[in-house]
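Heavy atoms only: backbone and side chains are in, while hydrogens, waters and symmetry mates are out. Just so you know, these numbers come straight off a predicted model, no measurement behind them.
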Amino acid sequence: MAKVVISESLKDEIFRKFKNKSLEIFSLMKSLESYPNKGKALGNIDGVVIKEIRYQKFRFYFITDGHMLKFGTEDELANLLIRFVRMSEKKDQQKVIEEIKRIISILGEKEFE
């Protein structure tokens, strides 16, 4: 099983915006532990894949090791780290994706911890 990590700032934003529905969203995010290939790929920077999953009109963005996701064995996928970093509505989607790409290219994926 892959490991799903959700940034603290994103957790706070989800609790604030969704209140009672937040548990449903966290469950959707945690489902990636069993199905790490789930989600739509949006880009790849230095081997880091940016993907999204949707909940109603919202997008939740996560990053992971693209090489391991694509070519990894079942045992390697068990050690895969999936890190949720941002969320947006459909109208802000492109701006948020560009921000994630910029942060990864300048500072690296560790900036999202």
Give, for atom [atom1] of [X] and atom [atom2] of [Y], the distance between the pair rounded to the nearest 0.5 Å.
| X | Y | atom1 | atom2 | result |
| --- | --- | --- | --- | --- |
| Ile53 | Phe58 | CD1 | CZ | 13.5 Å |
| Asp65 | Leu81 | CG | CG | 9.5 Å |
| Lys3 | Arg83 | NZ | CZ | 9.5 Å |
| Phe18 | Tyr55 | CZ | OH | 7.0 Å |
| Met29 | Ser22 | CE | OG | 10.5 Å |

List, one per line, each side-chain donor-acceptor pair under 3.5 Å for residues 39-50, sequence neighbours excluded.
unit_1: Asn44; atom_1: OD1; unit_2: Gly47; atom_2: N; d: 3.3

Practice task
Give the ring-plane orientation class for Phe62 versus Phe84, where under 30° counts as parallel, over 60° as perpendicular and anything between as tilted.
Solution key: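 Judged by the thresholds at 30° and 60°, the geometry between Phe62 and Phe84 is tilted.
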Problem - With Lys21 via salt bridge (Lys or Arg N to Asp or Glu O under 4.0 Å) - residues at least two apart - result: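 Partners of Lys21 under the salt bridge (Lys or Arg N to Asp or Glu O under 4.0 Å) test: Glu24.
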Exercise for the section: Applying salt bridge (Lys or Arg N to Asp or Glu O under 4.0 Å), name anything that partners Lys30, two or more places apart in sequence or on another chain. Expected result: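 Applying salt bridge (Lys or Arg N to Asp or Glu O under 4.0 Å) to Lys30 gives Glu33.
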Practice task
With sequence neighbours excluded, tell me which residues meet ring-ring contact (aromatic ring centres under 6.0 Å, His included) with Phe60.
Solution key: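 Phe60 satisfies ring-ring contact (aromatic ring centres under 6.0 Å, His included) with no other residue.
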Problem - Full working for side-chain contact (heavy atoms from CB on, under 4.5 Å) between Arg86 and Ile103 - result: CA-CA 12 Å; Arg86 297 279 191 276; Ile103 291 171; 3.6 Å; yes
Handout entry: Sidechain N-carboxylate O distance under 4.0 Å for Glu99, Arg102
Key =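 Here Glu99 does not pair with Arg102 in a salt bridge, since their nearest N and O are not under 4.0 Å apart.
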Problem - Leu32 versus Ala2, closest heavy-atom pair with distance - result: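 Answer, listing the atom of Leu32 first, then Ala2: O-CB, 4.2 Å.
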For [X], enumerate each residue passing the side chain to side chain contact (heavy atoms under 4.5 Å, CB included) test, keeping only those at least two apart in sequence or located in another chain.
| X | result |
| --- | --- |
| Ser31 | Leu28, Lys38 |
| Gln56 | none |
| Leu23 | none |

Practice task
Could you tell me whether a side-chain N or O of Ser105 sits under 3.5 Å from a main-chain N or O of Lys101, the two making a donor and an acceptor?
Solution key: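 Yes; judged by distance alone, with no hydrogens or angles, the pair exists.
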Would you give me the side-chain donor-acceptor pairs under 3.5 Å for residues 88-96, sequence neighbours excluded?
unit_1: Ser88; atom_1: OG; unit_2: Tyr61; atom_2: OH; d: 2.8
unit_1: Glu89; atom_1: OE1; unit_2: Lys57; atom_2: NZ; d: 3.4
unit_1: Lys90; atom_1: NZ; unit_2: Gln93; atom_2: OE1; d: 2.9
unit_1: Gln93; atom_1: NE2; unit_2: Glu52; atom_2: OE1; d: 3.0
unit_1: Gln94; atom_1: NE2; unit_2: Glu98; atom_2: OE2; d: 2.9

Exercise for the section: Would you mind listing every ring pair (Phe, Tyr, Trp, His ring centres under 6.0 Å) that reaches into residues 33-54, with sequence neighbours excluded? Expected result: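 Qualifying pairs: none.
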